[in-house]
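Report on the following structure.
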Amino acid sequence: ARLTPGSRIGDYVIDREAGEGYVAAHVLLPRRVQLCVMHPTFVGLRPVAVRMMREACILDALRHPGVPRVYEVGVLADQRTQRPWVASELVDGESLAETLLEGGYVPVCELLAMLREVGEVLAHAHGRNVAHRGVRPEAIVRGDGSRGYPLCVVNWCDARVPDASEDADRAYADDVFALGLVADLVLASRAGLPAKVHALVDDMLAPNPMSRPSAAEVASRAKAILDVLEAPPLLADDDVIEDSVDISRGRPARTPRPTMPPPVPHANARLRWTPALGVSSTVLPSSGVPAGVTKARS
């Protein structure tokens, strides 16, 4: 059922397996991609095909440097199986899950930078009416800076475009809660942290979804705390410094960051080719295969 190295999918030649997908190279362009091909086991299961196409459409619509790019989608030429495939940006780097698994130490400044950057990505997605619904340590990949953004948020396979504003607010609050759980995991058994860091994480984990800060507020508060902690001692806020710990170990160097425009809400907008969560049907591009999706369980 697995494709072998050297197999060609569209204009891409498979180099090796990578998790559930493949690493492939374009036959002409100097481009290596993450190639996802629907497994033969799922042939005939229309929701699986819809899920792949929805993820590709959402990623292409977001267009944020902290989100993988989608280069191309298609359907295998085999008329018997009609399996869709997606070629997206290959994100090099170590995920937060790998860092924690290896026993890596995440300094408080690095954690705040992560909250700021992931918060900005989520705020951009929420401004486009998209909820990630899968923020976990393995979905946060720290790159080498070559992408123009410090990290990349991956694993958008469960992303959704909520139908109602109430559902959207709850979905966005759940993204913030999930990011709070990631921060709480990083801070586990860590004593002597600044009180404002604990307050930020506690607010993100508030039981009432409507009491949690927005993703944009998380990014803003994390940036404010980080600016104080990284400021020269004579310019720092004495109250915050007295309540902090020695963070000199592993302090990341300050690097120029791109300035992203604030997210523009799209009221009642729907991204191109994003099926609703209710039962619907459509036709996959270039395949002629009916596709449907069933409302996900809450």
Side-chain angles (χ1 to χ4, degrees), residues 17-21 23 34 55 64-68 88-125 131-147 149-159 172-207 212-213 215 218-219 221-223 225-226 229-230 244-255 257:
E17 294 188 21
E20 297 181 356
V23 172
Q34 178 75 31
E55 179 183 4
H64 186 284
V67 176
S88 58
E89 179 184 2
L90 180 62
V91 180
D92 290 323
E94 185 179 67
S95 71
L96 180 60
E98 293 172 325
T99 300
L100 297 176
L101 189 62
E102 295 170 359
Y105 175 82
V106 180
V108 64
C109 280
E110 198 168 308
L111 169 67
L112 288 168
M114 183 269 290
L115 289 177
R116 176 192 62 194
E117 292 148 9
V118 177
E120 289 176 354
V121 172
L122 293 178
H124 178 83
H132 185 283
R133 303 202 335 157
V135 180
R136 302 181 183 89
E138 57 269 23
I140 303 171
V141 179
R142 178 69 66 177
D144 56 6
S146 60
R147 306 182 66 259
Y149 201 75
L151 55 73
C152 188
V153 179
V154 299
N155 296 356
W156 292 81
C157 55
D158 291 325
Y172 304 156
D174 287 347
D175 277 351
V176 171
F177 184 85
L179 182 57
L181 288 177
V182 172
D184 192 54
L185 177 64
V186 173
L187 296 176
S189 303
R190 194 87 63 86
L193 288 171
K196 290 190 176 182
V197 175
H198 282 298
L200 174 57
V201 176
D202 288 344
D203 288 347
M204 296 169 68
L205 297 176
R212 298 167 195 158
V218 170
R221 289 174 61 178
K223 179 182 182 302
I225 301 171
L226 184 60
L229 293 179
E230 289 188 331
S244 65
V245 295
D246 181 11
I247 57 172
S248 59
R249 184 174 70 158
R251 173 180 292 176
R254 293 182 67 92
T255 55
R257 301 177 60 254

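Keep in mind that the numbers below use all heavy atoms, side chains included, and drop hydrogens, waters and symmetry copies.
Expressed to the nearest 0.5 Å, how far CG of Leu111 lies from CD1 of Ile225 amounts to 9.5 Å. The distance from the CG atom of Leu112 to the CD atom of Glu230 is 8.5 Å, given to the nearest 0.5 Å. The distance from atom NZ of Lys196 to atom CG of Leu226, rounded to the nearest 0.5 Å, is 13.0 Å. Residue Glu102 holds its CD atom at 4.5 Å from CD of Glu94, rounded to the nearest 0.5 Å. Expressed to the nearest 0.5 Å, how far CG of Asp174 lies from NE2 of His132 amounts to 13.5 Å. How far CG of Asn155 is from CD of Glu138: 6.5 Å, rounded to the nearest 0.5 Å.
Scanning all heavy atoms of the two residues, the minimum distance from Gly21 to Gln34 falls at CA-NE2, 4.0 Å. Smallest separation of non-hydrogen atoms from Leu122 and Ala215: CB-CB, 3.7 Å. Summarising the geometry of Val201 relative to Gly180, their closest heavy-atom pair is CG1-O, 3.9 Å, with the distance given to 0.1 Å. Residues Gly119 and Ala219 share a closest heavy-atom pair of C-CB, 4.0 Å.
The backbone N or O of Ser95 lies less than 3.5 Å from a partner atom in the side chain of Glu98, making a donor-acceptor pair. For the pair Tyr149 (side chain) and His64 (backbone), a donor-acceptor distance under 3.5 Å is absent.
For the pair Leu96/Val186, a side-chain contact is recorded, criterion being any heavy-atom separation below 4.5 Å from C-beta on. When side chains are defined from C-beta on, Met114 does not count as touching Val106, because their heavy atoms never get closer than 4.5 Å. Within the 4.5 Å cutoff, the side chain of Asp203 has heavy atoms near those of the Arg221 side chain. Side-chain atoms of Tyr172 and Val176, non-hydrogen and from C-beta on, never get closer than 4.5 Å to each other. At a threshold of 4.5 Å between non-hydrogen side-chain atoms, the residues Glu117 and Val153 do not count as touching.
Remark: Lys223 does not engage Glu120 in a salt bridge, criterion side-chain N to carboxylate O under 4.0 Å.
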